[in-house]
Amino acid sequence: MVSHVRLENQQNYRQQVCLSCMTGLYGCRWKRYRRSTEPTTVIEKTFLLITIIAFAFMAMWLYYWIIAENSADDFNWFMWTTTNSWFHWFTLVFTLTIIAFIYTTFLVLLAIAHCITGQQLHLYIVHKVTIIILLCACIAFCITLTELWPEEWDLLFISLQVTAPILQIMGVVILTFLTWPLAGIWWKSTSSTAFRWVTFIAYSCLLLFVYLCPLAFLTPCMLGHNSLPKRPLIMTHKGAPMLAPENTELSFQKAASYNIYGFESDVRISLDGIPFLMHDSTLERTTNVHKVFPNRTKHSAESFTFEELQQLDAGSWFLQKNPFYTAKRMSKAEKQQIKNQTIPSLTKLMQVAKHYNNKSVIFDLFMPPSGHPYRGNFTEQTVSFIKASGIQEHQIWWLSDFKRDWVLKNAPDFEQTATTSMAPKDFKRFQIVHMNAEYSQVTDQDIQDFKKINISTNIYTVNKPWLYSLYWCIGVKSVTSGACQVLQSVEAPIWHTTPQIWRIIWILEDCVSLICVVLIFVFQRYRETHSQRCAWSLPSVCIL
């Protein structure tokens with residue numbers, strides 16, 4: 001008899017430990033006397049709402065950064081130009097977002113547990129301050145990115161063409177599971193009837209929205225049988241920048257080993273008139289100019305002669321900064337090869353393109369700064385070097401708008417390539433055959449319209465399989481990518497199906513979810529009624 005009572009006391013203690021952890025972690029109410037089953041105050045209900053809003057914001061930001069990983073290198077480069085300090089900024093922000101999302105999720109789950117167990121909500125002051133800080137930081141970050149990096153919001157909406165069906169399925173599953181605690185709380189609630197019905201209607205509207213949102217889906221990944229377009233060709237962005245220093249001979253050689261279609265680069269003119277490869281306007285980020293020419297670190301790249309450029313180390317920075325976390329896995333021989341890289345000329349790029357089965361070449365041509373001796377004829381200088389290299393003219397996708405008429409006359413076989421800034425009326429005049437556009441600059445319909453007038457579209461910069469899959473389904477001819485080694489392994493779009501199959505999946509999951517929701521409400525009603533009857537019968541049992 002004594003041992004039985006002792007066992008019951010141990011079981012009650014263990015149950016209290018769980019309850020203490022729940023109330024302690026949420027409201028720092030670790031002691032039993034500090035807990036309460038009294039109705040939650042208006043202030044605490046308000047902070048619960050703020051916590052849920054913060055959780056929603058963090059979920060959105062987590063999705064944002066998952067999608068923005070396609071442009072992680074652009075974000076790091078943008079932060080470098082802003083702070084003049086190279087760091088893995090994207091990784092830092094992404095990690096902080098994950099931590100904040102886990103934190104807000106944990107608080108929301110604890111709040112739900114409080115409601116299920118009938119405990120009074122009391123959010124600890126530290127949590128309140130943290131949640132408000134997170135919410136304010138999210139809003140500030142949202143405004144800042146809208147001003148400074150608006151194209152990423154376009155990518156966010158573009159991504160929904162791939163992820164919307166998956167998110168809809170996840171939403172249905174989550175809401176169905178949440179029905180269990182919400183139904184229990186709803187039946188147990190002592191709030192006014194009006195408030196309970198408002199809550200029920202709000203939840204039902206949310207559920208109905210998630211059920212029916214596929215009616216608004218417009219995704220190119222839903223194709224009929226045998227309707228999948230040809231696989232997009234891959235133009236490498238600055239070579240293979242994840243495997244070797246960008247815009248170096250080694251980078252383009254590594255890219256060529258992945259059977260890509262062509263090279264994309266950036267061309268500037270040296271002080272003595274030689275076109276060379278360099279993305280940035282200065283040499284500071286990707287060379288050791290601070291050691292060789294310490295007084296010219298901030299000078300424009302075009303202010304150096306090509307002989308001076310050849311004195312710079314264009315590879316060691318890749319090993320030191322490890323921008324893509326790939327340098328540490330390299331062998332000593334590979335690291336030594338990287339250290340030997342210099343700034344290549346445009347002629348060297350042409351030679352690499354010819355050597356590897358005549359790859360196509362597209363590049364941004366930058367106008368030299370004011371006072372440069374070749375500022376007035378840099379286009380002619382560039383074309384003369386291309387023709388002298390011996391590369392076939394049709395391999396060049398000419399992108400620059402400077403003196404395009406002259407280029408058409410003197411290099412008629414260059415494949416004229418436009419950007420979205422060109423007026424449609426000029427397409428025929430300049431014999432445009434390719435459109436080079438960022439993903440934020442063209443719509444699916446634009447791509448189809450270009451195709452109707454025999455203009456193929458090249459989309460940049462596509463680094464993730466999901467984005468590559470999307471443009472595969474849309475039907476673009478090619479994409480520019482800094483991750484050719486990743487995209488080359490994509491043998492089919494990661495997600496595509498026929499409209500008929502998707503319709504079956506959608507209707508079936510909605511029906512199953514609706515049945516489960518109804519059964520959960522009925523069962524929770526029965527459970528609450530049964531518990532009340534037991535409670536009413538206990539006094540009579542005790543009297544007997």
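Starting from 1, each residue takes its place in the sequence as its number.
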- E307 atom CD: more than 12 heavy-atom contacts under 6.0 Å: no
- Is it true that a side-chain atom of S251 and a backbone atom of A240 form a donor plus acceptor pair closer than 3.5 Å? yes
- Message: Using modelled atom types and a 3.5 Å cut-off, is there a donor and acceptor pairing between side-chain atoms of T417 and backbone atoms of E415?
- Response: yes
- Between W77 and H279, ring centroids under 6.0 Å: yes
- Query: Would you say the side-chain atoms of Y468 pair up with the backbone N or O of P232, donor to acceptor, closer than 3.5 Å?
  - Reply: yes
- Without swapping roles, check the side chain of N76 against the backbone of W86 for a donor-acceptor pair under 3.5 Å. no
- Message: I'd like to know if the side chain of Q253 and the backbone of T248 have a donor-acceptor N/O pair within less than 3.5 Å.
- Response: no
- Query: Hey, does I66 have a side-chain heavy atom less than 4.5 Å from the side chain of Y63?
  - Reply: no
- When you look at CG of L218, are more than 12 heavy atoms from neighbouring residues, nucleotides or ligands closer to it than 6.0 Å? no
- Distance from T104 atom OG1 to F101 atom CZ, nearest 0.5 Å? 6.5 Å
- Message: To the closest 0.5 Å, what do you measure between CE (M278) and CG (L283)?
- Response: 5.0 Å
- Sort out for me which residue in T286, T287, V292 forms a side-chain contact (heavy atoms from CB on, under 4.5 Å) with V289. T287
- Query: Are the side chains of F378 and F402 in touch, meaning some heavy atoms are under 4.5 Å apart?
  - Reply: yes
- Message: Between K128 and I131, does the side chain to side chain contact (heavy atoms under 4.5 Å, CB included) criterion hold? Intermediate values first, please.
- Response: CA-CA 5 Å; K128 291 177 180 178; I131 286 295; 6.0 Å; no
- Are S85 and T83 close enough that a side-chain donor and a side-chain acceptor fall under 3.5 Å? no
- Task: Measure the shortest side-chain to side-chain distance between H237 and V462 over non-hydrogen atoms and say whether it is less than 4.5 angstrom.
- Result: no
- Query: Does some side-chain heavy atom of Y460 sit less than 4.5 Å from a side-chain heavy atom of Q441?
  - Reply: yes
- Item | Side-chain donor or acceptor of Q161 paired with backbone N/O of T219 under 3.5 Å | no
- Item | Where H127 and L25 come nearest, the two heavy atoms and their spacing | NE2-O, 2.8 Å
- Flag side-chain contact, heavy atom, 4.5 Å: F385 against S389: no
- Message: Which heavy atom of V476 sits nearest to which heavy atom of I447, and what is that distance?
- Response: CG1-CD1, 3.6 Å
- E246 and R285 ion-paired at < 4.0 Å: yes
- Message: Are H299 and F293 an aromatic pair, judged by ring center distance below 6.0 Å?
- Response: no
- Message: If we check side-chain contact (heavy atoms from CB on, under 4.5 Å) with W398, which of these qualifies: V361, I362, D413, I386?
- Response: I386
- Message: Show, in sequence, the C-alpha distance, side-chain angles and deciding distance for N84 and E284, and conclude whether the side chain to side chain contact (heavy atoms under 4.5 Å, CB included) test is met.
- Response: CA-CA 9 Å; N84 201 32; E284 186 177 6; 3.5 Å; yes
- Query: What orientation do F306 and F276 show, parallel under 30°, tilted 30 to 60°, or perpendicular over 60°?
  - Reply: tilted
- Side chain R268, main chain D280, donor-acceptor under 3.5 Å: yes
- Query: Crowded around M60 CE? As in, over 12 foreign heavy atoms under 6.0 Å?
  - Reply: yes
- CD1/I98 to CG/L62 distance, rounded to the nearest 0.5 angstrom? 6.0 Å
- Item | G315 backbone acceptor or donor facing D313 side chain under 3.5 Å | yes
- Task: May I ask you to check whether F75 and W89 place their ring centers less than 6.0 Å from one another?
- Result: no
- Are the side chain of K464 and the backbone of E69 linked by a donor-acceptor contact shorter than 3.5 Å? no
- Message: Working note: L277 + K348, criterion side chain to side chain contact (heavy atoms under 4.5 Å, CB included); need CA distance, chi angles, decisive distance, verdict.
- Response: CA-CA 9 Å; L277 309 186; K348 177 61 71 174; over 6 Å; no
- Message: For a quick test of reading the model, state the closest non-hydrogen atom pair linking D266 to F363 and the distance between them.
- Response: N-CB, 4.5 Å
- Does the side chain to side chain contact (heavy atoms under 4.5 Å, CB included) test come out yes or no for V108 and T51, once each step is laid out? CA-CA 7 Å; V108 170; T51 303; 4.1 Å; yes
- Query: Do you know the tightest heavy-atom contact between T342 and A314?
  - Reply: C-CB, 3.7 Å
- Item | Atom OH of Y325 with >12 non-hydrogen neighbours under 6.0 angstrom | yes
- Item | Donor on one side chain, acceptor on other, T97 and Y64, under 3.5 Å | no
- Item | Gap separating the OG atom of S400 from the CZ atom of F366, nearest 0.5 angstrom | 10.5 Å
- Atom of S303, atom of E308 and distance for their closest heavy-atom approach: O-OE1, 4.4 Å
- Message: Could you report the tightest heavy-atom contact between P241 and F318, atom names first, then the distance?
- Response: O-CE1, 3.3 Å
- Under a 4.5 Å cut-off applied to non-hydrogen side-chain atoms, are E264 and N436 in contact? no
- Task: Look only at the side chain of R231 and the backbone of P493, and say whether a donor-acceptor pair between them is shorter than 3.5 Å.
- Result: no
- Task: Compute whether any side-chain donor of one residue and acceptor of the other, for Y258 and T236, lie under 3.5 angstrom apart.
- Result: no
- Just wondering, do V172 and Q168 contact through their side chains at under 4.5 Å, heavy atoms? yes
- With a 4.5 Å limit on heavy-atom distance, are the side chains of P229 and L223 in contact? yes
- Message: Working to the nearest 0.5 angstrom, can you tell me the gap between K354 NZ and Q351 CD?
- Response: 6.5 Å
- Query: Looking only at side chains, do S159 and W466 share a donor and an acceptor under 3.5 Å apart?
  - Reply: no
- With rounding to the nearest 0.5 Å, note down the distance linking SG in C221 to CH2 in W502. 12.0 Å
